[in-house]
Amino acid sequence: MAGFSDYSRNEETEVNGWIRFGLRLGVSAALHPFEYSKTLIQIGYEPISARPGKSLLGKPVMLLPNIFQYAGHIRKIDGFYGCYRGLAPKLAGSVLSLVVSERVAEKLGLAYQDDKDESELTEEESYVQFKYNLKRDIVLTVSGIVVAHPFHVISLRMMAQFIGRETLYNSILGSVAEIWNNEGVLGFFAGLIPKLLCDVAGLVLSSSTVFVINKYLIKDKVARQYNAGFTQFAFSSLLYPLQVVSTCSAVSGSRLMAGQPPIMPKYANWVDCWNDLQTRRELKRGSSLFWRSQAAYSSAVPTSFAPLPVLSRYQ
C-alpha cells in the first residue's frame with residue numbers, strides 16, 4: 001500500500017510539473033514578440049532613429065524606441081503573425097530540453113525529491129539537501145541547454161532574417177539543412193559556451209547566495225521569497241553581457257546579412273566576440289527595454305556611421 005501511495009504521489013507530481021511547464025510555454029509564446037525585439041536589439045539592429053528627449057534626471061539625451069515600439073515596428077512590416085517568427089523551434093527546443101534533461105538527471109541518480117521543511121532538518125541535513133538540489137539543477141540546466149541549443153540557434157537566425165529579409169530559415173528542417181551544408185555540426189552549437197557560462201554561473205551564484213542568506217540572515221518566509229527574486233535578478237543583470245555575446249555568436253558567420261560584415265564582424269570564437277563588443281561598449285546592448293537611450297561612443301571608435309546597416313552603440 002505504501003508503494004502504491006508513493007507511485008500515486010510521483011505520478012501526481014509529474015502531471016503537475018507538465019501543467020506548470022505548459023503554462024510557461026504559453027507565457028513564453030505570448031511574450032515572443034518582445035523576445036524577438038530584444039534579439040534584434042542584442043544583434044545591434046536599430047531600424048528607428050533616435051529622437052531628442054530627456055533623461056530621468058532632466059538631461060538632454062537621444063531616446064530610442066522602447067520594446068513596445070520596437071515590436072510595433074516588426075508588426076508594421078511583417079504583420080501580426082510575423083511577430084512570431086522563430087517561435088516554433090523555440091518551443092520545440094523547450095519541450096526536448098525538459099524531456100531529455102529529466103532523463104539525464106534520473107540516469108545520474110538525481111531524480112526529483114520533495115524538499116523537507118528546513119525547520120525539521122539539522123544544519124548538516126539542510127546542507128545535504130541544498131547540495132543535492134544544486135547538483136540536480138546543474139545537470140538539468142547543462143543537459144537541457146546542450147540538447148536544445150540547435151533549436152535555439154535556428155530560432156535566433158529566423159528572427160535575424162528580419163534585417164536582411166532573407167528566406168534561408170523558413171522551417172526547422174530547411175534550417176537544419178542550411179546550417180549542416182554551410183557550417184557543419186559546429187554551426188548548431190554556435191554561441192553555446194557563453195550561454196552555458198551565463199546560465200550555470202547564474203544558477204550557482206544565485207542558489208548559493210540565497211541559501212547562505214536564508215540560513216544565517218533571513219528567517220521570515222515571505223522575506224525569503226523576495227530575497228530569492230532579487231538575488232536572481234541581480235546575478236542575471238551581472239551576467240547579461242554573456243547573453244549578448246551568445247546571441248551575436250549564434251548569428252555571426254551565417255549567410256544572413258545580420259551575421260556578415262559590415263553589419264557584424266566574423267568572429268573567430270566567442271572570446272573574440274566579447275573583446276569586440278567590449279571595445280565598442282556594447283556588452284549591455286538590450287539590457288534596458290523600457291527606457292532606452294543612445295549610449296556614449298568610445299573615443300577609440302569612429303562615430304560616423306550610417307543609420308543602417310551598421311552595428312549600433314545602444315543599450
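Remember, predicted model here, so these are calculated numbers, not experimental data. Values below: every heavy atom of this structure, side chains too, minus hydrogens, waters and symmetry copies.
A donor-acceptor distance shorter than 3.5 angstrom exists from the side chain of His149 to the backbone of Ala190, with no hydrogens or angles considered. Judged by distance alone, the side chain of Thr279 and the main-chain N or O of Asn275 form a donor-acceptor pair under 3.5 Å. Between the side chain of Ser207 and the main chain of Val204, no donor-acceptor pair closer than 3.5 Å is present. Between the side chain of Tyr112 and the backbone N or O of Glu106, no donor-acceptor pair lies under 3.5 Å. Without hydrogens or angle criteria, Gln69 side chain to Asn66 main chain gives a donor-acceptor distance under 3.5 Å. Of the possible polar contacts, none joining the Ser246 side chain to the Leu242 backbone as a donor-acceptor pair under 3.5 Å is found. Panel note: side chain Lys284, backbone Ser237; a donor-acceptor pair is recorded below 3.5 Å. Ser155 places no side-chain N or O within donor-acceptor distance of the main-chain N or O of Phe151, the cut-off being under 3.5 Å. Checked by atom type and distance alone, the side chain of Arg292 pairs as donor or acceptor with a backbone atom of Pro65 at under 3.5 Å. When atom types are taken as modelled, the side chain of Tyr70 and the backbone of Pro47 share no donor-acceptor pair closer than 3.5 angstrom.
Considering only heavy atoms from C-beta on, Val244 stays 4.5 Å or farther from Glu282 through its side chain. No side-chain heavy atom of Arg157 sits less than 4.5 Å from a side-chain heavy atom of Glu166. In this structure the side chain of Lys215 never reaches within 4.5 angstrom of the side chain of Val212, judged on heavy atoms. In this structure, Val104 and Val142 have side chains that are not in contact, with every pair of non-hydrogen atoms separated by 4.5 Å or more. For the pair Ser28/Lys90, a side-chain contact is recorded, criterion being any heavy-atom separation below 4.5 Å from C-beta on.
Hydrophobic clustering places Phe80 together with Leu91 (ILVMFWY residues linked when any side-chain heavy atoms are closer than 4.5 Å, directly or through intermediates). Taken together through direct or relayed side-chain contacts under 4.5 Å among Ile, Leu, Val, Met, Phe, Trp and Tyr, Ile138 and Phe235 form parts of separate hydrophobic clusters. Hydrophobic clustering (ILVMFWY, side-chain heavy atoms < 4.5 Å, transitive): Leu134 and Val210 are in distinct clusters. Tyr132 is not connected to Leu140 by any chain of hydrophobic side-chain contacts under 4.5 Å among Ile, Leu, Val, Met, Phe, Trp and Tyr, and they are in different clusters. Residues Ile67 and Leu31 are members of one and the same hydrophobic cluster, defined by side-chain heavy-atom contacts under 4.5 angstrom among Ile, Leu, Val, Met, Phe, Trp and Tyr.
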Checklist entry - Are Arg285 and Glu46 close enough, and set up right, to give a side-chain contact (heavy atoms from CB on, under 4.5 Å), and what steps lead you there? => result CA-CA 11 Å; Arg285 193 163 54 195; Glu46 293 293 346; 5.8 Å; no
Next on the checklist: Pair Leu25, Val95 - check side-chain contact (heavy atoms from CB on, under 4.5 Å), show working.
Outcome noted: CA-CA 9 Å; Leu25 282 185; Val95 174; 4.0 Å; yes
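Nearest heavy atom pair, residue Ile43 against residue Met264, reads CG2-CE, 3.7 Å. When all heavy atoms of Gly53 and Leu63 are compared, the closest pair comes out as CA-CD1, 3.9 Å. Nearest heavy-atom pair across Gly82 and Ile74 is O-CG2, 4.3 Å. Between Met158 and Arg85, the closest heavy-atom pair is O-CD, 2.5 Å. Of all heavy-atom pairs between Ala105 and Arg136, the closest is CB-NH1, 3.8 Å. The two atoms that bring Leu64 and Ala50 nearest to each other are CD2-CB, 3.8 Å, heavy atoms only.
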Sequence neighbours excluded and cut-off under 3.5 Å, please list the side-chain donor-acceptor pairs for residues 247-256, or say none.
residue, atom, partner, partner atom, Å
Thr247, OG1, Gln42, OE1, 2.8
Thr247, OG1, Gln243, O, 3.1
Ser249, OG, Val245, O, 2.8
Ser252, OG, Pro265, O, 3.1
Ser252, OG, Tyr267, N, 3.3
Ser254, OG, Val251, O, 2.8
Ser254, OG, Leu256, N, 3.4
Arg255, NE, Glu178, OE2, 2.8
Arg255, NH2, Glu178, OE1, 2.9
Arg255, NH2, Glu178, OE2, 3.4

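Remark: Leu238 CG to Leu205 CG distance equals 8.0 Å, nearest 0.5 Å. Asp137 CG to Phe130 CZ: the interatomic distance, rounded to the nearest 0.5 Å, is 9.5 Å. Note: Leu192 CG to Trp270 CH2 = 11.5 Å, rounded to the nearest 0.5 Å. A distance of 10.5 Å separates CG in Leu168 from CD1 in Ile179, rounded to the nearest 0.5 Å. The OH atom of Tyr45 sits 14.0 Å away from the OG1 atom of Thr39 when rounded to the nearest 0.5 Å. Annotation: the span from Glu102 atom CD to Ser97 atom OG amounts to 9.5 Å, rounded to 0.5 Å.
Classification of Asp78 and Arg165 as a salt-bridged pair holds, one side-chain N sitting under 4.0 Å from a carboxylate O.
Ring pair Phe162/Tyr36 is perpendicular by interplanar angle, where above 60° counts as perpendicular and below 30° as parallel.
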